[in-house]
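Convention: sequence-line order gives letters A, B, ...; per-chain numbering from 1.
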Amino acid sequence: MTRTLTRELASKIGQTVTINGWLHKKRLMGGLNFITLRDRSGVAQTLIEDKDEIEKLRGLHIGTVLALTGTVVADDRAPGGAELHDVKVVVEVSVTDEPLIEVDKPISHKSEHLETLFDTRVLNIRNLQEQKIFKIRADLTYYIREFLRGQEFVEIDTPKLLAEATEGGSEVFKLDYFGKTATLAQSPQFFKQIMVGAYERVFEIGHSYRAEPSATTRHLTELTMLDIEMGFVEGHDEVLDMVGSMTQYVLKRVYEEHADDLKSLNAPELKLPEDGKVPRFTIAQIHEMYTKATKTDTTQEKDLIPDEERWISDYARKQLGTDLVYAVRFPIEAGKFYHKLDVEDGTVLWGDLLLRGLEVATVPLRENNYEKMLEQMKKAGLDVEHEGFKYYLQAFKYGLPKHGGCGFGVDRLVQKTIGLANVKEACLFPRDINRLTP
RNA sequence: GGGCUCGUAGUGUAGUGGUUAUCACGCCUCCCUGUCACGGAGGAGAUCACCGGUUCAAGUCCGGCCGGGCCCGCCA
């Protein structure tokens, strides 16, 4: 018999159907037994009164793969308003091992239980509540693509195995590459800028690798980044506006499409700026406001300290009614060689996008002049003749327009959208300084 | 890398230096015809992370070690 999905039951009242899926819950009450079956569309309840049929499930645990054939009956007492009666049970894959966790119960996300959460990932991902997180994640990246393609951005796919030299910044993983040293890409920085020379507007959703020994709630060693680069921009504001619009679009979409799931996951209410423009504060302004408000002097810091990120986000949410806020114009000494500098102002044209207290994206304008690039690279102590830089520099030599973009942490976006405490909870199989499995 | 903190049945937990280490869920057996975190009765399941020390006596105190977590630095 053709397979019926559990979500289709309500529309097949009176028919005899077969549903295939996993045993999700047994509620045995003597003569009246409820067996819940899970498939990709959800769960359905079946009622089994025949002792011989229920006996087939003796000793079999949650996860057992079943084919259940029966008559669809409408009943208000059944979840979803319909259930199967007079069920014939066929066991397709037996599970005889005692379950490690209770798949049908809430899975703890407390920080002290994260080790158990990831050690039992293979099973807890069968929990319906847990699955919501990753469906939301899947759709977030879908909405990102939807927005960017609508703006004529071309999706690209660039290598993660690189020659030794990279843009600097965070630590890179090194590995043996047939006797040579290769590194894992910490971002697609060089490639996306090179591709501006072809398509003007490009983006990539891919993995990046950071060898920083950071053990915090916001760091991963393998992370998913959305990298965007846009050519022929007038200035930094245009880049900030584009990334701001995209983020608002994506958040609005996910809050529309997943309203019930977000609510059940205790996601905060979404607050976006009424005029559609993400408010911006300079780093200097934030230092000043924070120092005044908390009596902790941060005016000598080059970046925001984590508590300032939380403070300015809190301020933006309460005073300006927005979950998104930009911190812009970093001090010039924080800049990297590929950043566009405003020497007169002593700042870098670089903004951090904060979502609910956490930096989710860096949004800089790039230096696009070949001679200035060489100058800034030499100043940074980099070998401009190195193989790893040669091809990157060719792009500038042969003409790159003024451009800017962002590196956007997808894991952090998922985390803060849902309101998860740790970025790892937004990952199916997170990689951090001490986890390589599962 | 620095600071703080936590390791007790499969899971989550209680545990003032002093009998047989608490409770809940899960698991096993039995009962149960409308459950939906079903309910009831009974049962099994823990070298209290590991190593050493103090003590008549250590899950508990001390030292070491291993493994987590949180914060900072750095970053998405």
Side-chain angles (χ1 to χ4, degrees), chain A residues 24-36 43-51 54 58-62 73 75-80 83 85 96-120 123-124 127 129 168-172 186-189 205-227 301-307 309-310 334 336 352-355 358-364 406-416 421-424 426 432-435:
Chain A
H24 196 62
K25 185 68 182 173
K26 289 198 263 190
R27 271 187 275 274
L28 308 180
M29 304 196 300
L32 188 68
N33 304 292
F34 296 102
I35 300 298
T36 305
V43 293
Q45 175 168 291
T46 65
L47 177 58
I48 305 184
E49 293 175 272
D50 186 333
K51 281 199 163 53
I54 206 70
R58 178 179 287 270
L60 300 183
H61 296 292
I62 289 176
V73 173
D75 193 320
D76 289 341
R77 293 170 297 184
E83 61 187 8
H85 285 199
T96 52
D97 285 16
E98 189 178 327
L100 298 172
I101 54 160
E102 292 150 66
V103 171
D104 63 312
K105 303 253 173 85
I107 306 293
S108 173
H109 278 242
K110 285 184 184 169
S111 63
E112 59 267 38
H113 302 155
L114 288 184
E115 194 180 14
T116 307
L117 179 71
F118 300 126
D119 283 348
T120 61
L123 296 178
N124 68 46
N127 174 278
Q129 192 74 356
S170 60
E171 287 294 315
V172 294
Q186 56 168 305
S187 85
Q189 180 69 34
I205 297 175
H207 285 191
S208 289
Y209 302 86
R210 306 279 167 95
E212 300 283 351
S214 302
T216 78
T217 53
R218 56 189 186 282
H219 287 91
L220 297 162
T221 49
E222 179 168 18
L223 54 134
T224 303
M225 289 235 296
L226 160 66
D227 274 273
E301 301 280 342
K302 63 172 187 174
D303 196 350
L304 298 180
I305 62 169
D307 197 49
E309 292 182 352
R310 291 185 284 266
K336 304 207 180 97
D352 274 356
L353 180 63
L354 305 174
L355 170 61
L358 183 67
E359 175 189 337
V360 290
T362 57
V363 191
C406 73
F408 204 122
V410 172
D411 313 281
R412 287 184 179 185
L413 174 65
V414 177
Q415 178 203 349
K416 296 312 282 189
N422 192 313
V423 69
K424 290 163 206 161
D432 64 25
I433 52 173
N434 35 34
R435 179 171 288 276

Can you give me the N/O atom pairs linking the protein to nucleotides 22-32 of chain B at distances under 3.5 Å, or say none if there are none?
{"from": "B/C25", "atom 1": "O3'", "to": "A/K105", "atom 2": "NZ", "distance (Å)": "3.2"}
{"from": "B/C25", "atom 1": "O2'", "to": "A/E102", "atom 2": "OE1", "distance (Å)": "2.1"}
{"from": "B/C25", "atom 1": "O2'", "to": "A/E102", "atom 2": "OE2", "distance (Å)": "3.3"}
{"from": "B/C25", "atom 1": "O2'", "to": "A/K105", "atom 2": "NZ", "distance (Å)": "3.0"}
{"from": "B/C25", "atom 1": "O2", "to": "A/E102", "atom 2": "OE2", "distance (Å)": "3.2"}
{"from": "B/G26", "atom 1": "O4'", "to": "A/E102", "atom 2": "OE2", "distance (Å)": "3.3"}
{"from": "B/G26", "atom 1": "N2", "to": "A/E98", "atom 2": "OE2", "distance (Å)": "3.4"}
{"from": "B/C27", "atom 1": "O4'", "to": "A/E98", "atom 2": "OE2", "distance (Å)": "3.2"}
{"from": "B/C27", "atom 1": "O2'", "to": "A/E98", "atom 2": "OE1", "distance (Å)": "3.4"}
{"from": "B/U29", "atom 1": "OP1", "to": "A/R58", "atom 2": "NH1", "distance (Å)": "3.1"}
{"from": "B/C30", "atom 1": "OP2", "to": "A/R58", "atom 2": "NH1", "distance (Å)": "3.3"}
{"from": "B/C32", "atom 1": "N3", "to": "A/L28", "atom 2": "O", "distance (Å)": "3.3"}
{"from": "B/C32", "atom 1": "N3", "to": "A/G30", "atom 2": "N", "distance (Å)": "3.3"}
{"from": "B/C32", "atom 1": "N4", "to": "A/L28", "atom 2": "O", "distance (Å)": "3.3"}
{"from": "B/C32", "atom 1": "N4", "to": "A/G30", "atom 2": "N", "distance (Å)": "3.2"}

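A distance of 12.0 Å separates CG in A/L220 from CE in A/M225, rounded to the nearest 0.5 Å. Atom OG1 of A/T120 sits about 7.5 Å away from atom CG of A/L100, to the nearest 0.5 Å. To the nearest 0.5 Å, atom CZ of residue A/R77 and atom CD of residue A/E83 are 7.5 Å apart. If you take CG on A/L28 and NZ on A/K25, they are separated by 9.5 Å, rounding to the nearest 0.5 Å. A distance of 8.0 Å separates CG of A/L223 from NE2 of A/H207, quoted to the nearest 0.5 Å. For the atom pair CD of A/E98 and CD1 of A/I62, the computed distance is 11.0 Å after rounding to the nearest 0.5 Å.
If you take NZ of A/K110 and C1' of B/U5, they are 16 Å apart, rounded to a whole angstrom. Atom P of nucleotide B/C70 and atom NE2 of A/H109 are separated by 13 Å, given to the nearest angstrom. Atom CZ of A/F34 is separated from atom P of B/A37 by 13 Å (rounded to the nearest Å). Here the P atom of nucleotide B/G68 and the CG atom of A/L114 are 12 Å apart, to the nearest Å. The CD-P distance, from A/E112 to B/U8, rounds to 12 Å in whole Å. Atom C1' of nucleotide B/A76 and atom NE2 of A/H219 are separated by 8 Å, given to the nearest angstrom. Summarising the geometry, the separation between CE on A/M225 and P on B/C75 is reported as 13 Å, rounded to the nearest angstrom. Rounded to whole Å, atom P of B/G73 lies 17 Å from atom CZ of A/R210.
The same atom, P, is picked in B/C75 and in B/G67; the two are 28 Å apart, to the nearest Å. Using C1' as the reference atom, B/U16 and B/A21 are 15 Å apart when rounded to the nearest Å. Taking atom P in both B/A44 and B/A24, the straight-line distance is 15 Å, to the nearest Å. When the C1' atom is compared between B/U33 and B/G10, the two are found 32 Å apart, to the nearest whole Å. Atom name C1', nucleotides B/G73 and B/G7: the rounded distance is 27 Å, in whole Å. Rounded to whole Å, the C1' atom of B/C48 lies 16 Å from the corresponding atom of B/C23. Nucleotides B/G68 and B/U8 are separated by 15 Å at their C1' atoms, to the nearest Å. Distance noted for atom C1' between B/U11 and B/C70: 23 Å (whole Å).
With hydrogens and angles ignored, the 3.5 Å screen pairs no side-chain donor or acceptor of A/E49 with any backbone N or O of A/G31. Checking side-chain atoms of A/T221 against main-chain N and O of A/I433 turns up no donor-acceptor pair under 3.5 Å. A/S214 contributes no side-chain N or O that, together with a main-chain N or O of A/T216, makes up a donor-acceptor pair within less than 3.5 Å. The main-chain N or O of A/L60 is found under 3.5 Å from a side-chain atom of A/K26 such that the two form a donor-acceptor pair. In this structure, A/R412 contributes its side chain and A/V423 its backbone to no donor-acceptor pair below 3.5 Å.
The side chain of A/L220 has B/A76 as its nearest neighbour among B/C72, B/G73, B/A76. Out of B/C71, B/G73, B/U33, the shortest distance to the side chain of A/R310 is found at B/C71. Distances from the side chain of A/R218 to the nucleotides B/C75, B/U11, B/G34 place B/C75 closest. Here the side chain of A/E309 is nearest to one of B/C75, B/A76, B/G69, namely B/C75. Side-chain proximity of A/D303 to B/A76, B/C75, B/G73: nearest is B/C75. Listed candidates were B/G73, B/G34, B/G67. Nearest to the side chain of A/P306 is B/G73. You'll find that the side chain of A/E115 is closest to B/G67, out of B/G67, B/G1, B/U13.
Contact of A/S111 with B/C70 (side chain to base): no donor-acceptor pair of N or O atoms is detected under 3.5 Å. The base of B/G34 is paired with the side chain of A/E83 by a donor and an acceptor separated by under 3.5 Å.
OP1 or OP2 of B/G12 lies within a sub-4.0 Å distance of a side-chain N or O belonging to A/T116. A/N434 has a side-chain polar atom (N or O) that falls below the 4.0 Å cut-off from OP1 or OP2 of B/G68.
At the heavy-atom level, A/F408 lies nowhere under 4.0 Å from the strands shown. Nucleic acid contact class of A/D352 (heavy atoms, under 4.0 Å, all strands): none. If you check every strand for non-hydrogen atoms under 4.0 Å, A/L413 touches nothing. A/T217 comes within 4.0 angstrom of sugar-phosphate atoms only, judged by non-hydrogen atoms across all strands, and of no base. A/H85 comes within 4.0 angstrom of a base, heavy atoms only.
Position along RNA chain B of the nearest nucleotide to A/H113 versus A/D75 favours A/H113 as the more 5'-ward residue.
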Whenever both distances are under 3.5 Å in a Watson-Crick or G-U wobble pair, mark it; put RNA chain B into dot-bracket that way, with [ ] for crossing pairs and | when the partner is on another strand.
(((((((..(((.....[....))).(((((.......)))))......((((..]....)))).)))))))....

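Residue pairs meeting the salt bridge (Lys or Arg N to Asp or Glu O under 4.0 Å) criterion with at least one member in residues 109-119 of chain A, sequence neighbours excluded, are A/D119-A/R435.
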